[in-house]
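Input: a single structure, listed below in structure tokens.
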Amino acid sequence: MTDGVGSERVDTADLPPPVKVVLAEDEAIIRLDLKETLEDEGYVVEEAADGKHALDALGSGRYVAVVTDLKLPGADGH
């Protein structure tokens, strides 16, 4: 199937849903770099700058994985 310009369209109904990840990192520049890398690989990323926000996001049940810094303000990754 094409879009009339010669490029092929992907039927998104046949694709698996994206994996939703909580990214907990208090250093903004590191968090941005990791977020871009994960999104480039197809993940949906929720950012958390501290442990409380990370725990709140995980408690929502919408995320299936977490990437965390081990030393976060508010609640660390241990």
(message) Within this structure, what is the OG1-CG distance for the pair Thr68 and Leu23, rounded to the nearest 0.5 Å?
(response)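 Thr68 atom OG1 to Leu23 atom CG measures 8.5 Å (nearest 0.5 Å).
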
(request) Quick one: pull up OG1 in Thr37 and CG in Asp33 and give me the separation to the nearest 0.5 Å. (result)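 One gets 4.5 Å once the value is rounded to the nearest 0.5 Å.
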
(message) Show every salt bridge (Lys or Arg N to Asp or Glu O under 4.0 Å) that has at least one partner inside residues 42-56, sequence neighbours left out.
(response)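 Qualifying pairs: Arg31-Glu47, Lys35-Glu47, Lys52-Asp56.
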
(message) Considering only residues two or more places apart or on different chains, which pairs with a residue in residues 20-30 satisfy salt bridge (Lys or Arg N to Asp or Glu O under 4.0 Å)?
(response)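 Salt bridge (Lys or Arg N to Asp or Glu O under 4.0 Å) check on residues 20-30 returns no pairs.
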
(request) Go through the steps to decide whether Val21 and Val64 satisfy the test side chain to side chain contact (heavy atoms under 4.5 Å, CB included), and finish with yes or no. (result) CA-CA 6 Å; Val21 175; Val64 298; 5.8 Å; no

(request) May I ask you to test the Leu34-Ile30 pair for a side-chain heavy-atom distance under 4.5 Å? (result)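 Yes. Closest side-chain heavy atoms under 4.5 Å.
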
(request) Report, as yes or no, whether the 6.0 Å neighbourhood of atom OH on Tyr63 holds more than 12 heavy atoms from other residues, nucleotides or ligands. (result)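 Enclosed.
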
(request) Give a yes or no on whether Val19 and Val67 share a hydrophobic cluster (residues Ile, Leu, Val, Met, Phe, Trp, Tyr; joining criterion: side-chain heavy atoms under 4.5 Å apart). (result)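 Yes; tracing contacts between hydrophobic side chains, which count when under 4.5 Å, links both residues.
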
(request) Establish whether Leu70 and Ile29 are linked, either directly or via other cluster members, by ILVMFWY side-chain heavy-atom contacts under 4.5 Å. (result)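 No, Leu70 does not connect to Ile29 through the hydrophobic network.
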
(message) Test question: given the 4.5 Å side-chain rule for I, L, V, M, F, W and Y, name all other residues clustered with Leu55, or answer none.
(response)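 Members other than Leu55 - counting any ILVMFWY side chain reachable under 4.5 Å - there are none.
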
(request) Under 4.5 Å between side-chain heavy atoms, chaining through other members, with only Ile, Leu, Val, Met, Phe, Trp and Tyr counted: pull out the rest of the cluster around Val44, sorted by chain and number. (result)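 Reading the cluster by chain and number, Val44 sits alone, since nothing else belongs.
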
(message) Using the side chain to side chain contact (heavy atoms under 4.5 Å, CB included) criterion, which residues pair with Ala54? Sequence neighbours excluded.
(response)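 Side chain to side chain contact (heavy atoms under 4.5 Å, CB included) check on Ala54 returns Val22, Ala24, Ala48.
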
